[in-house]
Each structure stands twice: as structure tokens, then as C-alpha cells.
Chemist: 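Below is a structure I'd like to ask you about.
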Amino acid sequence: MHELSLIRELFSIMEEEMKKYGKERVKKVKLKIGRFSGAVPEYMREAFQFYSINTFAEGAELEVEIEEPTAICPICKIVFKPSDILLVCPNCGKGGKLEKGGELILESLEIV
Amino acid sequence: MIVIMEESKKIIVTRNLLEANRLLAEKIRKKCTEEGIFLVNIVSSPGSGKTTLLERIAEKMKDENIAVINADIETDRDRKRIEKKGVKAIQLETKGECHLEAFVIDQVMSELYGKGYRYVFIENIGNLICPTEFDIGEHLRVLLLSVPEGDDKPKKYPLAFRTSQALVISKIDLLKYLQYDIEKVEKEALFLNPNIKIFKISSVTGEGIEEFIIYLKNTRKRCMS
């Protein structure tokens, strides 16, 4: 349950961005959540709702895009779509390294 | 009725939510290196023996200028145990927070800079999930896994194994009482992280502690040069 910390970080980034543009309210937030990022999208939504009460983002729409993972095998060097977080290489059976799908990105904001 | 349409503006941001934590962690690591402090982050489940291992380390590394940061959701029990060994200990009570973040360590480290400490051990909150997501500026992350927890842990908590440089299997004095396939644990840990260094210890009998301390000293030397 570290989603609340992640949302706290999101709010401090949003605040910085709004100051940059001289705006006061956020209408829409687009997040990209890697499937293997460790953050649960439903909890992120709940934490966002909870955190946004009485803030510049109250009532804002939260759009979440799930980023599907890809991994690379350090032995075979092939890039593959892992079926689970163990990242088993389909070719040699060794453990791969996550390339995509592990990140949490604030993609864009709609501000007024 | 006049409706005033607010002009909305879409801005592309593309910023990682963990970026601020990562940057602060880098800052802490740099500062610690300059100060000659080797920062060790110990992560594990509750009850795996973090404090007991630190008690043994405190006894054996008395002359090495060590300090300990104990993090718990509640109570200062762990700090008191470490202080009994004559070692500086600071208790962090996170009051519900399930992990440590760089900003917490940044605040507490200000008490430890400039005092000649060579090693600072951070006992993270007992939890194999959330603490593994956050770099707190450590030079070394040690994952402690105790025998009574069972031999099925590596594949259940892959990130904990992938983000640690050392795995310490603790309470090995209990191996004779339990069905625990230690080879399976080692194999699965190495599957997840081929570079992980594995130690087997008992804080009760003292087995393996010396070897782990040598590793700590060598790794410190490498990080400081």
C-alpha cells in the first residue's frame, strides 16, 4: 500500500507544473502505469480521490493507461512479452530483465 | 445566462512519479560517500531477525564507528536493544507508513553527518513489498530472509531479490527442525538476480556472521574508493 506515497508525489509534480503555467486547477490527469510497476491501478484511483479533496485537483478526471511489459533476456538478447513477473525467457528459461512496464509516469495534464 | 467557458490547456509532462525520490536518494548517497559513511538498507519481513543481526554486528564492529536507524510503525523497542550494545541508534516511528522514503532518511541523516560514522545501518520497516520500491540512498541493500518464513519466498517477492545486492538467510540453526530446502531458495534467488551474494547465518550461534562482516567491510572499501 505505497500508492498514497505515489499520489503524494504526483500532487507535488502537478503543483510544480501548474505554477510553471500560471494555472490554478487540474481538470484531467493522464497516468501511465506499468503492469509490473508494483502500483495497483484501483488503489491509485482511490488514493487520488482521497488526496484530491479540497485541492486544485478535486473532481479531476483520472485517466490510466496500463503499459504492457516487455523484457530482455541477458543471455539470448531477445526481447519478449513476459507472462508474469518472473520474466522467464521463452527461449532459454533464464530470468530476463524488465525493459518496459515497470514505470509510473505522469503523461499529461489538462489545466485551467 | 452567460456561460463563461474556461480555456483549458493540455500539457505534456512525462515525469516519473519516483523521480524526486530517486534524485534525493542520489544526493544522500553522494553525501554519505563524501562523509565516509557506508549506508546499508536492510529489508525483510517482520520477525526475520534484523535487530538481532544488528546486535551481533554492533558487538563485532564496536571499533568501526557504526550507527543504526531503526524504523518501525510503532514503539522504540528496537532502538533500546541496539543502544544496550553501546551503539548510537535512532528510532523512526512511521505511524502507519509501510516503507521508508529518501526524504525521511535525508532528515534523519543530518543528525549523523560530521561525526565520524563509518557505517550506518537502516533497519527498514518489516515488509517485503513496499520498501523495495524506494531507493533511500543506500550503498548496499541487504535482503534478510529467515528459515521459518519458508522456502517459497523468492518467486513470491521478485522485486525484493532483484533490487538487493546481498541475500542473508538467517536462523539457519533452525534448519534441523524444519523442512526447508535451502538449495531451492538459493537457486530461485539466483534466477531472479544472478549477481546476488548469498550468506547463511545464525545470530544465535554466530555462524556466518564473520563472513558477512568481511563482505560489508570489502563492499565499503569498494564504494568509498
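All chains are named by letter (A, B, ...) in the order of the sequence lines, taking the proteins before the strands, and each is independently numbered beginning at 1.
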Chemist: Contact part of A/Ser37 toward chain B, heavy-atom cut-off under 4.5 Å: side chain, backbone, both or neither?
Modeler: backbone
Chemist: Quick check on A/Tyr21 against chain B: is it the side chain, the backbone, both or neither that has a heavy atom closer than 4.5 Å?
Modeler: side chain
Chemist: Go through the atoms of A/Lys23 and report whether side chain, backbone, both or neither lie under 4.5 Å from a heavy atom of chain B.
Modeler: side chain
Chemist: Evaluate side chain to side chain contact (heavy atoms under 4.5 Å, CB included) for A/Leu6 paired with B/Leu18, printing each intermediate quantity in order.
Modeler: CA-CA 7 Å; A/Leu6 297 170; B/Leu18 288 170; 3.7 Å; yes
Chemist: Step through the shown structure and confirm whether more than 12 heavy atoms of other residues, nucleotides or ligands are within 6.0 Å of NZ on A/Lys20.
Modeler: yes
Chemist: What's the shortest heavy-atom distance between A/Glu103 and B/Asn16, and which atoms?
Modeler: OE2-ND2, 3.7 Å
Chemist: First locate atom CG of A/Leu4, then atom SG of B/Cys130, and finally report the distance between them rounded to the nearest 0.5 Å.
Modeler: 11.5 Å
Chemist: Looking at B/Glu133 and A/Gly38, what are the two nearest heavy atoms and their distance?
Modeler: OE2-CA, 3.4 Å
Chemist: Could you walk me through whether A/Glu17 and B/Ile11 pass side chain to side chain contact (heavy atoms under 4.5 Å, CB included), step by step?
Modeler: CA-CA 9 Å; A/Glu17 294 291 330; B/Ile11 53 169; 4.1 Å; yes
Chemist: Run the numbers on A/Leu106 and B/Thr14 for side chain to side chain contact (heavy atoms under 4.5 Å, CB included), then give the verdict.
Modeler: CA-CA 5 Å; A/Leu106 167 58; B/Thr14 328; over 6 Å; no
Chemist: Between B/Glu101 and A/Arg8, does at least one N-O distance fall below 4.0 Å, as a salt bridge requires?
Modeler: yes
Chemist: Using a strict 4.0 Å threshold on nitrogen-to-oxygen distance, state whether A/Glu107 and B/Arg15 make a salt bridge.
Modeler: no
Chemist: Counting heavy atoms not belonging to B/Glu183, are there more than 12 under 6.0 Å from its CD?
Modeler: no
Chemist: Counting only heavy atoms not in B/Gln179 (residues, nucleotides, ligands), do more than 12 fall under 6.0 Å from its CD?
Modeler: no
Chemist: Spell out the residues in residues 185-198 of chain B that have some non-hydrogen atom less than 4.5 Å away from a non-hydrogen atom of chain A, in order of number; otherwise answer 'none'.
Modeler: B/Phe191, B/Leu192
Chemist: To the nearest 0.5 Å, what is the distance between CG (B/Leu17) and OG (A/Ser12)?
Modeler: 9.0 Å
Chemist: To the nearest 0.5 Å, what is the distance between CD1 on A/Ile13 and CD on B/Glu19?
Modeler: 5.5 Å
Chemist: Using only non-hydrogen atoms and a strict under-4.5 angstrom cutoff, which residues of residues 149-161 of chain B touch chain A?
Modeler: B/Lys155, B/Pro158
Chemist: Within a reach of under 6.0 Å around CD of A/Glu99, are more than 12 heavy atoms found that belong to other residues, nucleotides or ligands?
Modeler: yes
Chemist: With a cut-off of 6.0 Å (strictly less than), are more than 12 heavy atoms of other residues, nucleotides or ligands near CZ of A/Phe50?
Modeler: no
Chemist: Pick one of side chain, backbone, both or neither for A/Leu87, based on which atoms fall under 4.5 Å of a heavy atom in chain B.
Modeler: both
Chemist: Go through the steps for B/Glu97 and A/Ser5 under the test side chain to side chain contact (heavy atoms under 4.5 Å, CB included), then give the verdict.
Modeler: CA-CA 9 Å; B/Glu97 195 65 87; A/Ser5 306; 3.6 Å; yes
Chemist: Counting heavy atoms not belonging to A/Lys81, are there more than 12 under 6.0 Å from its NZ?
Modeler: no
